[in-house]
There are 2 protein chains.
Amino acid sequence: MAQTSEKPVTIIADSNEPPALLSRLRLIPGVHVELRELFAGDFIVGDGVAVERKSAQDFVNSIMDRRLFAQVAKMKGEFETVVLLVEGDISKSASDIAPVALTGALSWLAVIEKVSLISAGGGLGETAGALHRMAIHCQHGLGYEVPLRAGKPKELHTARQFFLEGLPGVGPGLARRLLAHFGTPSAVFSASEKELREVDGVGPGTAKKILEVLG
Amino acid sequence: MAQTSEKPVTIIADSNEPPALLSRLRLIPGVHVELRELFAGDFIVGDGVAVERKSAQDFVNSIMDRRLFAQVAKMKGEFETVVLLVEGDISKSASDIAPVALTGALSWLAVIEKVSLISAGGGLGETAGALHRMAIHCQHGLGYEVPLRAGKPKELHTARQFFLEGLPGVGPGLARRLLAHFGTPSAVFSASEKELREVDGVGPGTAKKILEVLG
DNA sequence: ACTTCCGATCCTTGA
DNA sequence: TCAAGGATCGGAAGT
C-alpha cells in the first residue's frame with residue numbers, strides 16, 4: 001500500500017459547482033462527493049472547514065465591490081475554519097485595483113478573520129487536487145509525522161555532538177565543549193547544575209532549561 | 001476616508017532583519033519600530049500576532065529541508081496567530097519540488113496549522129506596506145492600543161521528543177513511545193539494553209546504537 | 001510537503 | 001519451542 005491517496009474522504013460540494021469540477025473530483029480514487037445546497041461556501045472538506053472557490057478575477061472584483069467582506073463574515077459565522085481557494089494569478093487581475101486595497105484585503109483576511117488564502121493556478125486538476133489534499137488533512141491528519149531533526153550523522157563522535165544539539169540553548173559550539181568536558185553524553189546527563197555551569201557558555205538559564213528537559 | 005493611516009502603530013522586529021527593510025518601515029508615518037531578539041518569528045505586529053518573512057525561494061527550500069515545520073511549530077507555540085509573508089512568486093521557485101508536495105504544504109499550513117500565507121511580490125515597499133497594514137489591523141482594527149506580548153512558551157513535552165529524535169534510529173514515533181515508557185529522557189538514558197528493548201520498535205540493533213551514542 | 005527505498009522489527013508458520 | 005519466512009512498521013534519503 002504505497003498510495004497515500006486512496007484513503008476514503010468525503011467532500012461536500014455545493015450543487016452550483018461546475019459539473020466539470022465535480023466529475024474531476026469523483027475521478028480521484030477514494031473521493032466521495034456529496035451534493036448539497038450550502039448556505040455559505042462552496043465545499044466542506046472536513047468538520048467545520050469550508051472552502052470558497054474563486055477565480056482571481058472574481059476575487060479582485062469582490063474586494064472592490066465589498067462582496068468579499070460579507071461572504072467571509074457569513075462563512076466565519078458557520079464554520080470554524082475558512083479557506084479561500086483562488087484560481088489563477090491574482091497579480092494578473094490586480095491591475096484594476098489599488099495595490100493598497102489588495103494588501104489591505106489580504107491583511108484583513110489573515111489577521112482579523114484568520115482566513116487562509118491558497119492560490120491554485122487555473123486548471124481544474126489543481127483545484128481538485130487542493131480540495132482533495134485538504135480533505136485528507138482534515139479527515140485523516142497528515143498520516144505520518146514529520147521528523148523534526150533531519151540529516152543525522154552516522155559517525156560516532158558527530159552523532160554525539162548532533163544529539164546534544166537537541167538540548168535547549170545548545171548549538172554546535174556548546175555541544176562540542178560539553179563533550180570535551182564530560183566525555184560522553186551519558187556523563188552530561190548525570191551532571192548537576194553546578195557541574196554543567198563549569199562549562200563555558202552554560203549559564204544559570206541554560207543549565208536550568210537543560211535539566212528541565214532531561215527531567 | 002482621508003489618510004490611509006497615520007495612526008500610530010508599533011512593530012517589533014527581530015534584530016536580524018535587514019536594515020534596509022527596517023528603515024523602510026520607519027519611513028512610514030506613524031510607524032514605530034522596536035528591535036528585539038525574537039525567539040521565534042521575524043516581526044510582531046500585534047498582540048500574539050507574529051509574522052515570518054521569507055523569500056519565495058527560501059519558502060520552497062524550507063519545505064524540502066523541513067526547516068519550515070520546525071519554525072512554524074515554534075511560532076505556534078509562542079503566538080496565537082502566525083502569518084507567513086512570502087516575497088516573490090512561489091510558482092516561479094517551485095520548479096524543484098513536486099507540485100503535489102507544494103499543495104500539500106499549503107493545505108497543511110491552512111487546515112492543520114491555521115497559518116495564513118500572504119504573498120507580497122518582491123519589493124521592500126510591498127513588504128513594509130503589508131507589515132504596516134497588519135499592524136494597523138491588529139492594533140486599531142478591533143480594540144485599541146495593545147500591550148505587545150507573546151503567549152505561552154514552548155511545550156516541555158515537545159522539547160523532549162525533539163531531543164530524543166536526535167538518537168540514531170529514533171524518529172517521531174519511537175521518540176514518543178520512549179517517552180511514554182520511561183517518562184523522561186533521563187530515565188531513557190539510564191536504561192539498560194534489556195530495558196530499552198521492552199519498548200515497541202527497539203530491537204537489538206537499535207538498542208545497541210543508542211547505547212553506543214550515549215557512551 | 002510527498003514519494004521511494006531500505007532496514008529493523010514483529011508475527012505467523014511449520015518443523 | 002524455536003527458527004525461518006514474509007508482512008509490516010518506521011526511519012532515512014531524495015525530488
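Fair warning: this is a prediction, and the values are worked out from it, not measured in the lab. Only this structure's heavy atoms are used, side chains among them; waters, hydrogens and symmetry mates stay out. Letters A, B, ... are given to chains in the order of the sequence lines, protein chains preceding strands, and every chain is numbered from 1.
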Report the nucleotide, chosen from C:dC10, C:dA1, D:dG11, that has the shortest atom-to-atom distance to any side-chain atom of B:A101.
C:dA1
Rounded to whole angstroms, how far apart are [atom1] on [X] and [atom2] on [N]?
X	N	atom1	atom2	answer
B:D96	C:dA1	CG	P	17 Å
B:E198	C:dC10	CD	P	12 Å
A:K154	C:dC6	NZ	C1'	16 Å
A:K152	D:dA12	NZ	P	4 Å
B:L174	C:dA8	CG	C1'	11 Å
A:E126	C:dA1	CD	P	20 Å
B:F162	D:dG11	CZ	C1'	16 Å
B:L117	C:dA1	CG	C1'	14 Å

Close approaches to DNA chain C from residues 63-70 of chain B, in residue order (heavy atom, under 4.0 Å)
B:I63, B:M64, B:F69
Parallel, tilted or perpendicular for B:F163 and A:F163, by the 30°/60° rule?
parallel
If the threshold is 4.0 Å, N to carboxylate O, is there a salt bridge linking [X] and [Y]?
X	Y	answer
A:D42	A:K54	no
B:E34	B:R36	yes
B:D14	B:R53	no

Looking at A:I63, A:V82, A:L84, which hits side-chain contact (heavy atoms from CB on, under 4.5 Å) with A:L109?
A:L84
side-chain contact (heavy atoms from CB on, under 4.5 Å) partner of A:M134, the single match among A:T81, A:I11, A:V51:
A:V51
C:dA1 phosphate, OP1 or OP2, under 4.0 Å from B:S107 side-chain N/O
no
For B:P168 and for B:A98, locate the closest nucleotide of DNA chain D by heavy-atom distance; then report the residue assigned to the nucleotide nearer the 5' terminus.
B:P168
Need one value for A:P147: base, sugar-phosphate or nothing, where a base atom within 4.0 Å counts as base even if backbone is also close, heavy atoms only.
nothing
pair B:F43-B:L85: side-chain heavy atoms closer than 4.5 Å:
no
